[in-house]
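Below: the structure, in structure tokens.
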Amino acid sequence: MYTQKIQNLIVSSLKKRYPNINIQSLSKDGLLVQKSPDSIDSDYGSSVALRLTKFVKKHPMDIADILYKYLNDTKPDFIDEIKIINPGYLNFSINKKHISSNIKTLALNSGTLDNLFNKKNRNIQIEFVSANPTGPLHVGHIRGAVYGSALSKILNYYGFNVKNEYYVNDAGNQIKEFGISILNQMPNIKLKNKINSNEDSYKGAYISDLAHSIQNEISNLEISEQEIIGNVTKIGVQKMLDIIKKDLNNLNVNFDNWFHETQLFSDKTLDQVLKLLSDKKLILKQDGATWFLSKKLGDERDNVLIKKDLSHTYFFSDIANHYNKFCIRKFDKVINIWGADHQGHIKRTKLAMESLGVKSENLEIKISQMVTIKKGSEKVKISKRSGEYVTLSEIVTEVGSDACRYFFLSRTPDSQLTFDIELAKSQNASNPIYYIQYAHARLTNLIENAKKLNIDFNKISEIHLESDKEISIAKKILEFPEVIEQIAKELEPHHITRYCLELASEFHSYYQSEKIIDEKEIKKTVSKILLSKAILNTVKKCLDLMMISSPKNM
RNA sequence: GCCCGCGUAGCUCAGUGGAUAGAGCAAUGGGUUUCUAACCCAUGUGUCGAAGGUUCGAAUCCUUCCGCGGGUGCCA
């Protein structure tokens with residue numbers, strides 16, 4: 001919470017002394033304050049004087065000296081001391097009483113953490129997972145599922161109005177192939193023209209399971225072959241989606257809406273989009289196909305929307321899907337989380353949306369990189385069609401939702417990761433999540449034990465944090481809003497895993513080094529319990545945001 | 001070939017202009033008649049893939065190169 005406050009101080013003194021200097025030109029994101037490294041004897045530092053040397057032809061120490069006078073004159077009470085350090089840093093120490101009083105509020109007013117951020121009055125949709133309903137989710141989908149659900153939760157906490165969506169590709173070739181694959185495993189259904197199952201057909205045990213369970217729901221008589229194929233496919237997709245939903249549920253992932261691609265056909269969104277693009281002279285019929293002229297807009301090549309056989313490409317549906325999000329359902333912002341195999345689609349999708357009048361910055365497409373699977377030293381290939389792959393539910397059952405979520409959440413989505421199944425199974429006791437949960441359980445117990453002292457916390461006027469460890473934990477707790485803010489801005493929730501681990505670590509160390517409940521030292525005990533409560537509330541909030549359970553006993 | 005991402009400790013990874021580059025795991029040694037030992041304390045390791053450049057300052061930005069993965073379909 002202090003970073004922003006100090007930032008404001010610096011900005012206002014800059015405006016007074018150097019009114020002509022643009023803050024943005026001093027730092028990319030405009031931020032001029034950062035936490036001091038551990039080795040430095042202060043809490044926050046600013047390199048603003050060093051940065052100013054570009055514009056003010058003076059020694060940075062002299063500039064720091066000038067700014068110091070401005071800052072010191074208006075020094076608010078949360079700052080104890082401002083120091084100038086070589087080669088020109090301005091360093092700030094935070095007042096301990098101010099920290100203590102914040103901790104007290106956090107400990108006693110349970111709503112404090114729930115009301116840290118203002119409502120933003122902005123509707124955001126996050127679309128993630130969106131795997132084709134032609135097979136169960138595999139281990140790679142865990143990443144997108146965890147990333148999307150945690151990000152959604154955090155953005156919502158930050159004050160946005162967020163909706164989660166799963167886009168169901170229930171049209172097109174893959175679905176057709178899926179339906180036929182099921183039909184081919186239904187010996188009771190005899191079709192006049194035997195359908196040739198080709199290399200692209202789906203295999204795997206789940207196909208025959210589906211065939212078996214659908215068999216009874218299909219009547220072979222009275223209806224045409226086309227209808228049989230249609231019905232089997234439809235039921236197959238529905239059953240597959242039920243399985244997918246259940247699997248995601250076990251990972252604590254839920255969606256507000258399941259949007260079906262077929263809706264874009266039935267409500268004529270596709271036609272509408274085609275007309276709009278056509279009006280902009282971005283459509284061309286050539287070689288029997290209908291093209292979107294994306295090259296005109298800066299793409300490497302044009303792209304087909306309607307194929308020679310009159311079927312639609314995925315890209316066409318995708319434009320319509322996004323048109324629906326922005327122009328029909330009126331979301332202010334849409335965040336898509338796509339697998340790395342879709343990164344080639346980003347540019348053309350954005351170009352298409354821009355040509356339909358959507359501002360580029362309102363469509364955020366985040367890529368979650370590949371997960372490669374290892375079983376010990378053996379590499380595992382993922383192939384949905386061959387049916388040879390490790391499923392999401394297999395991993396979640398083996399490793400547990402909590403450990404799974406923490407593991408996948410703790411990496412940035414930008415970098416590929418290797419998931420060793422053997423290691424995940426064997427290592428789950430050393431997964432840092434248990435360390436954090438243990439801190440939560442210890443804290444809960446501690447607070448429970450403290451009730452025996454019958455302290456009336458309403459009568460406490462102020463608390464006194466004394467030891468270095470106490471102050472350090474308190475500062476850590478007060479960093480929480482900044483962590484959330486960073487995640488909301490960068491859309492990268494992995495920062496919370498580290499933060500929470502660090503907080504838990506400081507607590508474990510504190511717990512070991514000092515006795516917290518001491519009946520002979522009630523005054524000190526009160527402060528320590530309040531600090532513990534503040535830690536507990538913060539750890540609990542982190543776990544909730546990660547959608548990981550908070551056990552009271554371990 | 002071109003486009004996107006990645007390359008940081010033995011392993012898995014944070015850090016993306018700022019101060020002496022950090023965690024977890026693994027390793028070694030110690031710790032509780034005391035609020036939960038799934039804990040704590042101590043000990044080490046780095047050509048930040050390579051080279052050049054920009055800068056007061058580079059793991060971070062730029063250029064080139066090397067390595068790994070993905071994309072480059074009238075597939076999804």
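Since we're looking at a predicted model, the values are computed, not measured.
Only one option out of A/L543, A/D402, A/I433 pairs with A/S549 in a side chain to side chain contact (heavy atoms under 4.5 Å, CB included); it is A/D402.
Using cut-offs of 30° and 60° on the angle between ring planes, the pair A/Y167 and A/Y314 is perpendicular.
At the heavy-atom level, A/S513 lies nowhere under 4.0 Å from the strands shown. Across all strands, A/H59 comes closer than 4.0 Å to no nucleic acid atom at all (heavy-atom distances). Across all strands shown, A/N303 has no heavy atoms under 4.0 Å from either base or sugar-phosphate atoms. The residue A/E448 sits apart from the nucleic acid: no heavy atom pair falls under 4.0 Å. Contact annotation for A/I306: no contact, since no heavy-atom pair falls under 4.0 Å across all strands. Across all strands shown, A/P37 has heavy atoms under 4.0 Å from base atoms, whether or not it also approaches the sugar-phosphate. Residue contacts for A/G45: at a heavy-atom cut-off of 4.0 Å it reaches a base atom on one of the strands shown. Nucleic acid contact for A/A441: base, since at least one base atom lies under 4.0 Å from a heavy atom of the residue. Across all strands shown, A/D414 has heavy atoms under 4.0 Å from sugar-phosphate atoms exclusively, and none from any base. Looking at heavy-atom distances under 4.0 Å, A/H495 makes contact with sugar-phosphate atoms alone, never a base. Within 4.0 Å of A/S509, counting heavy atoms only, lie sugar-phosphate atoms of the nucleic acid but no base atom. In this structure, A/L305 reaches neither bases nor backbone, as no heavy-atom distance under 4.0 Å exists between it and the strands shown. The residue A/K35 sits apart from the nucleic acid: no heavy atom pair falls under 4.0 Å.
Geometrically, A/R348 does not engage A/F292 in a cation-pi contact defined by less than 6.0 Å to the ring centre and at most 45° from the axis.
Where A/T412 and A/D518 each meet RNA chain B at their nearest nucleotide, the meeting point lying more 5' is that of A/T412. In terms of position on RNA chain B, the residue among A/S46 and A/A504 whose nearest nucleotide sits closer to the 5' end is A/S46.
Distance check on atom P: B/A26 versus B/C62 gives 38 Å, rounded to whole Å. Rounded to whole Å, the separation between the P atoms of B/A51 and B/A59 comes to 12 Å. Atom P of B/U8 sits at a distance of 9 Å from the matching atom of B/C13, rounded to the whole Å. Spacing of C1' atoms, B/A9 relative to B/U45, comes out at 6 Å, to the nearest Å. If you take atom P in B/C40 and the same atom in B/G57, they sit 41 Å apart, rounded to whole Å. Taking atom C1' in both B/A76 and B/G71, the straight-line distance is 13 Å, to the nearest Å. Spacing of P atoms, B/C25 relative to B/A42, comes out at 15 Å, to the nearest Å. Look at the C1' atom in both B/G10 and B/A27: the space between them is 10 Å, to the nearest Å.
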Pairing of RNA chain B as dot-bracket, 5' to 3': ( ) intra-strand, [ ] crossing, | other strand, . unpaired, with Watson-Crick or G-U pairs under 3.5 Å?
(((((((..((((....[...)))).(((((.......))))).....(((((..]....))))))))))))....
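Side chains of A/Y202 and A/E177: a donor-acceptor N/O pair is absent below 3.5 angstrom, by distance only. Between the side chains of A/S42 and A/S93, not a single donor N or O lies within less than 3.5 Å of an accepting N or O. Counting only N and O atoms by type, the side chains of A/E482 and A/T3 include a donor and acceptor under 3.5 Å apart.
Checking the phosphate oxygens (OP1, OP2) of B/C40, a side-chain nitrogen or oxygen of A/Y435 falls inside 4.0 Å. Using a 4.0 Å cut-off, no side-chain N or O of A/K176 falls inside it from OP1 or OP2 of B/A76. For A/H342 and B/C4, the shortest distance from a side-chain N or O to OP1 or OP2 is not below 4.0 Å. Regarding contacts with the backbone of B/A14, a side-chain N or O of A/S415 is found under 4.0 angstrom from either OP1 or OP2. Applying the 4.0 Å criterion to OP1 and OP2 of B/A38, one finds that A/Y434 has every side-chain N and O outside that range. Using a 4.0 Å cut-off, no side-chain N or O of A/N169 falls inside it from OP1 or OP2 of B/A76.
Of the possible polar contacts, one joining the A/K347 side chain to the A/G298 backbone as a donor-acceptor pair under 3.5 Å is found. Between the A/D302 side chain and the A/K295 main chain, a donor and an acceptor come within less than 3.5 Å of each other.
Closest to the side chain of A/D341, out of B/G70, B/A38, B/A23, is B/G70. Distances from the side chain of A/R411 to the nucleotides B/U12, B/C74, B/G18 place B/U12 closest.
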Just do the ring pair (Phe, Tyr, Trp, His ring centres under 6.0 Å) check on A/H508 and A/Y438 with the steps written out, would you?
CA-CA 9 Å; A/H508 281 309; A/Y438 185 54; 5.5 Å; yes
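One cannot find a donor-acceptor pair under 3.5 Å joining the base of B/G71 and the side-chain atoms of A/Q343. A donor N or O paired with an acceptor N or O is not found under 3.5 Å between the base of B/A38 and the side-chain atoms of A/H508. In the interface, the side chain of A/R51 is paired with the base of B/G18 through a donor and an acceptor atom under 3.5 Å apart. Residue A/N91 places a side-chain atom within donor-acceptor reach of the base of B/A19, judged by atom type and a 3.5 Å distance cut-off alone.
A 6.0 Å sphere centred on NZ of A/K296 holds more than 12 heavy atoms belonging to other residues, nucleotides or ligands.
Using a 5.5 Å limit on the distance between ring centres and a 30° limit on the angle between planes, the aromatic ring of A/Y89 counts as stacked on the six-membered base ring of B/A19.
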